[in-house]
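Below: one structure, written as structure tokens.
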Amino acid sequence: MSFSRIMSATLQGMEVVPVQVEADVSNGLPVFHMVGYLSAEVKEAGERVRTAIHNSGFSMPAKKIVINLSPGSVRKRGTSYDLPIALAILTALGELEGANLKGVLAVGELGLDGSVRGIHGILPVADHARKEDAACLIVPAANEAEARLVDGLRVIGVDSLEMLCKTLKKCGSVGTVWEWDMTGADDCGEGQEDFADIKGQRAVKRAAEVAVAGHHNLLLTGPPGGGKSMLARRIPSILPSLTREESFQITKVYSVAGMLKGEHPLITKRPFREVHQTVTRAALLGGGPWPKPGEISLASGGVLFLDELAEFQRPVIEVLRQPLEERTVRIARSQGIYEYPADVMLVAAMNIATTKLIQ
């Protein structure tokens, strides 16, 4: 077989875009050519893949090898295509049976020694694979626990390309259905102190309870040392417990941001994010050439705390208006519009001696 195809995926914000990795091996001048609207790091995959295949015990004949990542209209970036490219080449060379890759979705970065290394954003990809009824999902072993958070999906976690080639023959019987288990889960937030620890302050405690009950934003004013920050850090403890769906959605955001723990990736507590006064608009909302979730998205489902509110730059505060109203952050770029959740309770604090909120 000189042609093969395998499924993969790429992230555009929180949205998963399916990608077909195609490989064609034919006679001609020896060349390794990749096409499909690729970024620099994807073009570099050619050297990683060839060396990893060689060090995994396979031979690369002196032939013309062409790799296409489809659709060509979507910009490809990152190192997650290394593994599917290697599998497509091995299948086209006849080292693997094409039937073993039918319905398989693969992502992962390769080391030069053939090892498979972890990547970010596995959870949204795993959810996409389940919705598309993929036969199984192949991920790095470092991301296996994260991928198994998706119910009803067969997952293969691999440490090396050589191990994967042996495992693919049993793809139909590998993988188990993950059972929802809160044991050892991650907590993702800092402000997990108990609200019941606060002594006195009856009026402000009542105000905080009313704000939480109505999902209102809250501004705390008072003299320095009065306990404003202490109370704000304890607000997540009186928020309702996360439902299964809420926990899953919060974990997806942290997966895209690359902030999950390998052993216990599931987040089961409300996030609490405290932002410093020097924060930029891009850090708060998300941004950059390839936007990532900002602090407001990382706090989605929980509390975003702005201490010393009067010290924040006016443009930074003003950009919060639309996300707080629509509960969504939209970042426009030439390659498309990226959307991230922003369903937060905003808590701010400032000293009573401050005469002006914004200079």
Side-chain angles (χ1 to χ4, degrees), residues 180-255 257-279 283-284 293-312 317 320 323-324 327 341-354:
W180 193 257
D181 183 10
M182 298 295 189
T183 305
D186 195 5
D187 57 21
C188 95
E190 298 175 358
Q192 302 298 333
E193 296 92 342
D194 195 345
F195 194 80
D197 292 339
I198 303 175
K199 307 301 180 183
Q201 302 282 9
R202 180 177 300 178
V204 70
K205 285 168 65 177
R206 176 59 178 166
E209 292 166 355
V210 171
V212 168
H215 198 25
H216 304 301
N217 301 320
L218 181 64
L219 174 63
L220 303 171
T221 61
K228 302 183 294 296
S229 299
M230 177 194 66
L231 183 140
R233 294 190 179 99
R234 285 163 170 77
I235 287 179
S237 66
I238 61 173
L239 289 168
S241 299
L242 287 174
T243 64
R244 173 174 173 171
E245 181 62 25
E246 287 176 327
S247 181
F248 188 75
Q249 294 302 321
I250 292 173
T251 305
K252 285 175 70 174
V253 175
Y254 277 73
S255 174
M259 298 174 63
L260 290 182
K261 296 178 181 179
E263 295 181 357
H264 306 294
L266 179 63
I267 292 174
T268 60
K269 294 183 180 179
R270 298 279 178 180
F272 177 88
R273 304 292 298 183
E274 184 172 354
V275 180
H276 194 265
Q277 299 96 312
T278 58
V279 68
L284 188 60
E295 289 293 335
I296 193 171
S297 297
L298 294 173
S300 185
V303 174
L304 178 66
F305 180 45
L306 307 183
D307 201 3
E308 301 293 347
L309 181 64
E311 302 298 327
F312 283 79
I317 296 177
L320 289 173
L324 290 176
R327 306 293 180 184
D343 188 11
V344 302
M345 175 181 177
L346 178 64
V347 179
M350 56 184 292
N351 293 332
I352 200 169
T354 303

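This chain uses plain numbering: 1 for the first residue, then up along the sequence.
V253 and S297 get closest at one heavy-atom pair: CG1-O, 3.7 Å. Across all their heavy atoms, L260 and P265 have their closest contact at CD2-O, 3.3 Å. The two residues S300 and A342 have their closest heavy-atom pair at OG-N, 3.8 Å. What you find for M350 and K228 is that their closest heavy atoms are O-CE, 3.5 Å. Closest approach of A349 and L219 over heavy atoms only: N-CD1, 4.3 Å. Taking both residues in full, the closest heavy atoms of S229 and D307 are given as OG-OD2, 2.9 Å, listed atom of the first, atom of the second, then distance.
By the side chain to side chain contact (heavy atoms under 4.5 Å, CB included) test, V210 is found to be paired with R206, residues two or more places apart in sequence or in another chain being considered.
At a threshold of 4.5 Å between non-hydrogen side-chain atoms, the residues V347 and L231 do not count as touching. At least one side-chain heavy atom of H215 sits under 4.5 Å from a side-chain heavy atom of D343. A heavy-atom distance below 4.5 Å is not found between the side chains of F305 and I235. For the pair R270 and F272, the minimum side-chain heavy-atom distance is 4.5 Å or more. Between V344 and R273 the shortest side-chain heavy-atom distance does not fall below 4.5 Å. Proximity of S247 to L266: side-chain heavy atoms (C-beta onward) are separated by under 4.5 Å at one or more points.
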V204/I198 under side chain to side chain contact (heavy atoms under 4.5 Å, CB included): CA gap, chis, key distance, verdict: CA-CA 11 Å; V204 70; I198 303 175; over 6 Å; no
Criterion side chain to side chain contact (heavy atoms under 4.5 Å, CB included) on L309 and I317, from CA distance to verdict: CA-CA 9 Å; L309 181 64; I317 296 177; 3.9 Å; yes
Salt bridge (charged side-chain N to carboxylate O under 4.0 Å, His left out) between E193 and R233, intermediate numbers included: CA-CA 7 Å; E193 296 92 342; R233 294 190 179 99; 5.8 Å; no
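Put simply, CD on E246 and CD1 on I267 are 13.0 Å apart, with the number rounded to the nearest 0.5 Å. A distance of 9.5 Å separates OG1 in T268 from CD1 in I250, rounded to the nearest 0.5 Å. Remark: Y254 OH to Q249 CD distance equals 14.0 Å, nearest 0.5 Å. To the nearest 0.5 angstrom, K205 atom NZ is 11.0 Å from R234 atom CZ. Here M345 contributes atom CE and L304 contributes atom CG; the two are 11.0 Å apart, rounded to the nearest 0.5 Å. Rounding to the nearest 0.5 angstrom, the gap separating the CG atom in L284 from the CG atom in L320 is 5.0 Å.
Distance alone, capped at 3.5 Å, is enough to place a donor-acceptor pair between the S237 side chain and the F195 backbone. Within the 3.5 Å criterion, the main-chain N or O of N351 finds no donor-acceptor partner in the side chain of T221. A donor-acceptor contact shorter than 3.5 Å is absent between the side chain of K269 and the backbone of L242. In this structure, the side chain of S255 does not engage the main chain of T251 through any donor-acceptor pair within 3.5 Å.
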